[in-house]
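Comments concern the structure below.
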Number of protein chains: 2
Amino acid sequence: MSQMARSLAEFQQLIGWNPQRMWHDFHRQCLPQLSQKNPSRTESRLATIVEATFTLANRQGFHAMSLRQLSDASGMSLGGLYGYFASKDQLAASIHQFIRYQFEQVLLPLIDALPEPQRLDAICRYHLYLSELMQPWFFFAYMEARHQQSDLRKQAIALSERVDVELLLALNAHGEVQEPIIAVGLLKHLLQGWYLRRAHFQKTGVDVDAYTDYLLARITLFCHGETTNDRTLAAL
Amino acid sequence: MSQMARSLAEFQQLIGWNPQRMWHDFHRQCLPQLSQKNPSRTESRLATIVEATFTLANRQGFHAMSLRQLSDASGMSLGGLYGYFASKDQLAASIHQFIRYQFEQVLLPLIDALPEPQRLDAICRYHLYLSELMQPWFFFAYMEARHQQSDLRKQAIALSERVDVELLLALNAHGEVQEPIIAVGLLKHLLQGWYLRRAHFQKTGVDVDAYTDYLLARITLFCHGETTNDRTLAAL
DNA sequence: TTAAAAATCGAACGTTCGTTCGTTATTGAC
DNA sequence: GTCAATAACGAACGAACGTTCGATTTTTAA
């Protein structure tokens, strides 16, 4: 059984993550809708296009990004883009699909392989680490999810609820959870904070390891905390 | 000196909030760009239009919402809408401006009037309560802020940083804050969670009073918590 | 009741959007 | 170097966008 990773570097090594491999996986996922034959060139072009999509869409919104802007930013002609995706909507759908794939095929199996007492720690750490490695993807997925058509949105909700269940089970393994509905929601919200508030953390010099350690050290306090009046604001 | 409100109902009474008065204030703020003369009719039409904007924009994004959709949803003709705002961008700008106005003219004065020991509690409570009363406004402001033009965005950032300072000062009044940058960011993020995850809380039956009490009871634990190994996950 | 004022309407305008497609340039095997 | 095969190009298209404006309806006050 594999050891748990306790830092970004360890996690990266554990799953063998690097950008090249990520784009390779992404390319493989996009194959059905691609009209290109040369794999290696296609991989690097896909990376250019999707990275340009992130810089534009994560600033101004995917819907507000025009294909002419994407054409300029990626250095590729308007018509040339269509060799790499079937439509603008399909481009967004591929991104959403890939991040769901990463969750289901990479994160969840890693967590399932661990004994239950370690799972809460692992879910949080691995979520934070993966969202650090793929921050633009996570940000895009969060911000654009509600603009997707209903079947893709439903799949995202289903995955989200699966994580909720995992979190609740893992939390319960550490003792009775007070107000479990609020606790689980808050915990996931705190994990999302890392990639949603990335600019803030970058400006203030907080890295993912510091954030992770800070958070994990307080999670059990937060969720199981038997708050006594003299330690809470309510006493004022 | 006024007493602090400890529930949504008390807060609502304290600031004398009701929808009618809110739309009255909003109308007054919009006056400069309005071509309409009859105040009472204009107030109700504005309410209809802005509420329709929220239902459409908060689902699919403001940019993706067409004025033809807004025309249908508000029961007003395409040209008729332009009696109530100068342009589509101005409509969004008015909403952003109004929520900033509520923050600066309603929330901050209330907090400044309180003695320092009560301020942390008040900032959190009042932020949560106001965001409950005006949830669609807060959600809209959060989601659409990055699509605004730069001067409006800068004003929003300035206000956000002002809240950060208030939070940090208030936190410090309760003792030395460990990792203050992370703590303040997280605290604000938790406050935002209430209006960002509204659908989730509505589905699970959590109301703002329960959320507020849960949060406030754990804030000092979270921010000042001297975490010992036997109470944290790191010990596993 | 009536006429001026105010408000509403929706067809039409110019622009920009996503997308297509015939043409041109590039690539790779011999 | 030649020639298919592949990829990239960008002008052009129809649709949809935000906006305008003259005609029409509703409101207001005498």
Side-chain angles (χ1 to χ4, degrees), chain A residues 23 27 30-53 56-57 59-96 144 147-149, chain B residues 23 27 30-50 52-53 56-57 59-96 144 147-149 152:
Chain A
W23 291 116
H27 170 244
C30 291
L31 268 180
Q33 57 166 311
L34 289 178
S35 62
Q36 316 298 89
K37 311 289 175 184
N38 182 325
S40 73
R41 183 177 33 202
T42 303
E43 270 181 36
S44 80
R45 291 263 205 280
L46 269 178
T48 304
I49 291 170
V50 173
E51 270 162 1
T53 301
L56 289 169
R59 188 189 321 139
Q60 66 194 46
F62 182 75
H63 191 273
M65 175 196 81
S66 75
L67 290 187
R68 283 159 183 82
Q69 284 181 295
L70 184 59
S71 164
D72 284 349
S74 65
M76 177 157 284
S77 77
L78 210 41
L81 291 174
Y82 279 81
Y84 295 90
F85 48 80
S87 71
K88 191 188 176 189
D89 281 344
Q90 260 300 330
L91 170 59
S94 292
I95 296 173
H96 283 291
E144 305 294 339
H147 307 149
Q148 283 298 111
Q149 50 193 32
Chain B
W23 291 116
H27 170 244
C30 292
L31 268 180
Q33 57 166 312
L34 289 178
S35 63
Q36 315 297 88
K37 311 290 177 184
N38 184 325
S40 73
R41 183 178 31 204
T42 303
E43 270 181 36
S44 81
R45 292 265 203 280
L46 270 178
T48 304
I49 291 170
V50 173
T53 301
L56 289 169
R59 188 188 322 139
Q60 67 195 46
F62 182 75
H63 191 275
M65 174 195 81
S66 75
L67 291 186
R68 283 161 181 81
Q69 283 181 294
L70 183 59
S71 164
D72 285 348
S74 65
M76 178 157 284
S77 76
L78 211 40
L81 291 173
Y82 279 81
Y84 295 90
F85 48 80
S87 71
K88 191 188 176 189
D89 281 344
Q90 259 300 330
L91 170 59
S94 292
I95 296 173
H96 284 291
E144 305 293 341
H147 307 150
Q148 282 296 299
Q149 50 192 31
L152 278 175

Interatomic distance, [X] [atom1] vs [N] [atom2] [rounded to whole Å]:
X	N	atom1	atom2	result
Tyr82(B)	dG22(D)	OH	C1'	17 Å
Leu46(B)	dA7(C)	CG	P	12 Å
Met76(B)	dA7(C)	CE	C1'	9 Å
Leu70(A)	dC9(D)	CG	P	13 Å
Leu67(A)	dC9(D)	CG	P	14 Å
Met65(B)	dT19(D)	CE	P	11 Å

Ignoring the backbone of [X], work out which of [options] is nearest its side chain.
X	options	result
Leu78(B)	dA7(D), dA11(C), dT8(C)	dA11(C)
Gln36(B)	dT8(C), dA7(D), dG18(D)	dT8(C)
Lys37(B)	dA7(C), dA8(D), dT6(D)	dA7(C)
Ser77(B)	dT20(D), dG10(C), dG10(D)	dG10(C)
Ser66(A)	dT19(D), dG18(C), dA8(D)	dG18(C)
Asn38(B)	dA7(C), dA7(D), dG18(D)	dA7(C)

Have a look at [X] and say if it touches a base, only the backbone sugar-phosphate, or nothing, with a 4.0 Å heavy-atom cut-off.
X	answer
Phe85(A)	nothing
Arg68(A)	base
Gly79(B)	base

Would you compute the distance between atom [atom1] of [X] and atom [atom2] of [Y] and round it to the nearest 0.5 angstrom?
X	Y	atom1	atom2	answer
Leu67(B)	Asp72(B)	CG	CG	11.0 Å
Thr53(A)	Lys88(A)	OG1	NZ	9.5 Å
Glu144(A)	His63(A)	CD	NE2	10.0 Å
Ile49(A)	Ser94(A)	CD1	OG	11.0 Å

Compare side-chain N and O positions of Arg45(A) against OP1 and OP2 of dA8(D) and report whether any pair is under 4.0 Å apart.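 Answer yes for this pair, as a side-chain N or O of Arg45(A) is under 4.0 Å from OP1 or OP2.
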Could you tell me whether the phosphate oxygens of dA8(D), OP1 or OP2, come under 4.0 Å of any side-chain nitrogen or oxygen in Tyr84(A)?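 For dA8(D), OP1 or OP2 has a side-chain N or O of Tyr84(A) closer than 4.0 Å.
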Starting at the 5' end of DNA chain C, which residue's closest nucleotide do you reach first, Gly83(B) or Ala64(A)?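 Per heavy-atom nearest nucleotide, the more 5' residue is Gly83(B).
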Most 5' of Arg41(A) and Gly80(A) on DNA chain C, judged by nearest nucleotide: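 Looking at the nearest nucleotide for each, Gly80(A) comes out on the 5' side.
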Quick one: on DNA chain D, does Ser35(A) or His63(B) contact a more 5' nucleotide (nearest heavy atom)?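 Its nearest nucleotide being more 5', the pick is Ser35(A).
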Please report the shortest heavy-atom distance between Leu91(A) and Phe62(A), naming the atom on each side. CD2-CE1, 4.2 Å
